[in-house]
Amino acid sequence: MNFQEPVIIGTSPAIQKVLQIARKVSSLDLNVLITGESGVGKELIARTLHYHSNRRNRPFVKVNSAALPSELLESELFGYEKGAFTGADRTKSGKFEQAKEGAIFLDEIGELPNYTQSKLLQVLQDREYYRVGGHAPQEVKARIIAATNQDLDAEITANNFRADLFYRLSTISIHVPPLRERKEDILSLVEYFNNYLQEVKNLPKRDLPSDLIELFHQYHWPGNVRELVNYLQRHSVFGNSQEIKEAMQANLNRAGNGNNGYLMDEPQQHNSGHDFIHDQEIIKNFDPDNGHFPSLKEVRDQVVKRVEKNIIEKVLLDSNWNRKVAARTLKISYRALLYKMKDMDIHQSRR
Ligand SMILES: Nc1ncnc2c1ncn2[C@@H]1O[C@H](COP(=O)(O)OP(=O)(O)OP(=O)(O)O)[C@@H](O)[C@H]1O
Ligand SMILES: [Mg+2]
């Protein structure tokens, strides 16, 4: 197995300190909890830890705790025996078994349902588990690396997360600071990802206008590096920096910062008008001569996603960011909502 060393861009003291800690603890066989806002690079740090550990040539297995309903999560983690339930027509290994002597990366640990939390705690205490429907104990050999973008202290106080599990997982904890606290890294990230988009993704090369770069330094980056990469990708495809400024302005407004006046030259568009303008931009950019000619499907996906995103944000706002209530209103499952929020980079802005 060839596990690549993750590329982590950034010379800021903040990110360098994180890397230093990650390297230092990588060889210690302790559970590590990585915390930080969405899109800061927690998974990259988890992979860095694994790369520098002596388990490097063993598997690194990722489990997204938010992606599956609790009934499926247990068999996903621990596997199941043939006949354990209807449809279990063969024995299947779980993630712990697949990770072998490598590492198991439990992402979004804060979203773990209560039942699975208890189960996991027990497994970590006993260092063994049973496949669903199984009777032979299986030894836990993998190292546990967990990550969360939630404030677990608050979740513990609200009785949503078990304190005893938290202590088990966080023998060592590493906090990855948000991008707004290390703005020195923005330029090198822009340069790195623009190169990447051109050379690996074959997207057209476009220089960012200096005013956009300037805004990048004033912005609060609720979606952190992932949000930055999204903008760079959009800029490369559509070459429209105004559209990106509007997206940033909308986030700023949502954060309650008001219109600081520096993000847009034009008066703010009314919401319905905004989408019309946006559509005109897409049509204008649908131009075979400008290098990248998007397929109709790409365009459709973009438009559908944007409308969905607007609606989800509105419903979340109306429900005071109560995601359970919002999911009910949208008539989708709670987990489907979490998935969409992550996919579409929707987050409650900082108060
Ligand atoms: N310092 C960095 N250098 C290079 N790429 C980075 C850096 N930080 C983040 N990224 C990139 O940003 C994206 C988000 O990173 P990652 O998935 O590790 O974040 P995360 O903290 O796990 O986010 P989430 O909480 O949403 O799962 C990825 O494409 C990752 O490669
Ligand atoms: Mg992640």
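In this text, all values refer to a predicted model and were calculated from it rather than measured experimentally. Whatever order the structure lists ligands and atoms in, that order sets their numbers, starting from 1.
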Atoms in ligand 1 flagged as close to [X], the criterion being non-hydrogen separation under 4.0 Å:
X	result
Val225	6 (C), 7 (C), 8 (N), 9 (C), 10 (N), 11 (C), 12 (O)
Ile8	1 (N), 3 (N)
Lys342	24 (P), 26 (O), 27 (O)
Asn149	25 (O)

| Residue of the set Ile145, Leu44, Val18 for which side-chain contact (heavy atoms from CB on, under 4.5 Å) holds with Ile34 |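 That would be Ile145.
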
| request: Would you verify that at least one protein heavy atom lies under 4.0 Å from atom 28 (C) of ligand 1, or report that none does? | output: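 Given the 4.0 Å limit, the answer for atom 28 (C) of ligand 1 is no, no protein heavy atom qualifies.
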
| field | Sub-4.0 Å protein heavy atom next to atom 22 (O) of ligand 1 | value | yes

Ring-ring centroid check [X] [Y], cutoff 6.0 Å:
X	Y	result
Phe161	Phe166	no
Phe78	Phe96	yes
Tyr130	His135	no

So is there a nitrogen or oxygen of [X] less than 3.5 Å from a nitrogen or oxygen in ligand 1?
X	value
Gly39	yes
Gly41	yes
Ser38	yes

| Where is the nearest protein heavy atom to atom 17 (O) of ligand 1: which residue, which atom, and how far? |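 It is Arg226 NH2, 3.2 Å.
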
| query | Where is the nearest protein heavy atom to atom 20 (P) of ligand 1: which residue, which atom, and how far? | reply |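 Of every protein heavy atom, Lys42 N, 3.4 Å lies nearest to atom 20 (P) of ligand 1.
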
| field | For Arg180, the option from Glu37, Gln218, His217, His220 that meets side-chain hydrogen bond (donor to acceptor under 3.5 Å, both in side chains) | value |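 When Glu37, Gln218, His217, His220 are each tested with Arg180, the side-chain hydrogen bond (donor to acceptor under 3.5 Å, both in side chains) holds only for Glu37.
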
Please confirm whether [X] approaches ligand 1 to less than 4.0 Å, judged on its heavy atoms.
X	result
Val7	yes
Gly10	no
Leu189	yes

| message | In this structure, would Leu77 and Tyr115 fall into the same cluster of hydrophobic residues linked by side-chain contacts under 4.5 Å? | response |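 As far as the 4.5 Å side-chain criterion goes, Tyr115 and Leu77 are not connected within one cluster.
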
| task | Under the salt bridge (charged side-chain N to carboxylate O under 4.0 Å, His left out) rule, what do Glu43 and Lys62 come out as? Steps first, then yes or no, please. | result | CA-CA 9 Å; Glu43 183 169 344; Lys62 173 177 164 178; 2.8 Å; yes

| More than 12 heavy atoms of other residues, nucleotides or ligands under 6.0 Å from NZ of Lys100: is that the case? | no

| remark: Filtering Phe193, Tyr192, Phe105 for the heavy atom nearest atom 5 (N) of ligand 1 leaves Phe193

| Option set Ile9, Thr148, Leu44, criterion heavy-atom distance to atom 30 (C) of ligand 1, minimum | Leu44

| message | With rounding to the nearest 0.5 angstrom, report the CG to OG1 distance, Leu68 to Thr116. | response |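 If we round to the nearest 0.5 Å, Leu68:CG and Thr116:OG1 are 10.0 Å apart.
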
| Parallel, tilted or perpendicular, as decided by the 30° and 60° cut-offs, for the rings of Tyr196 and Tyr192 | parallel

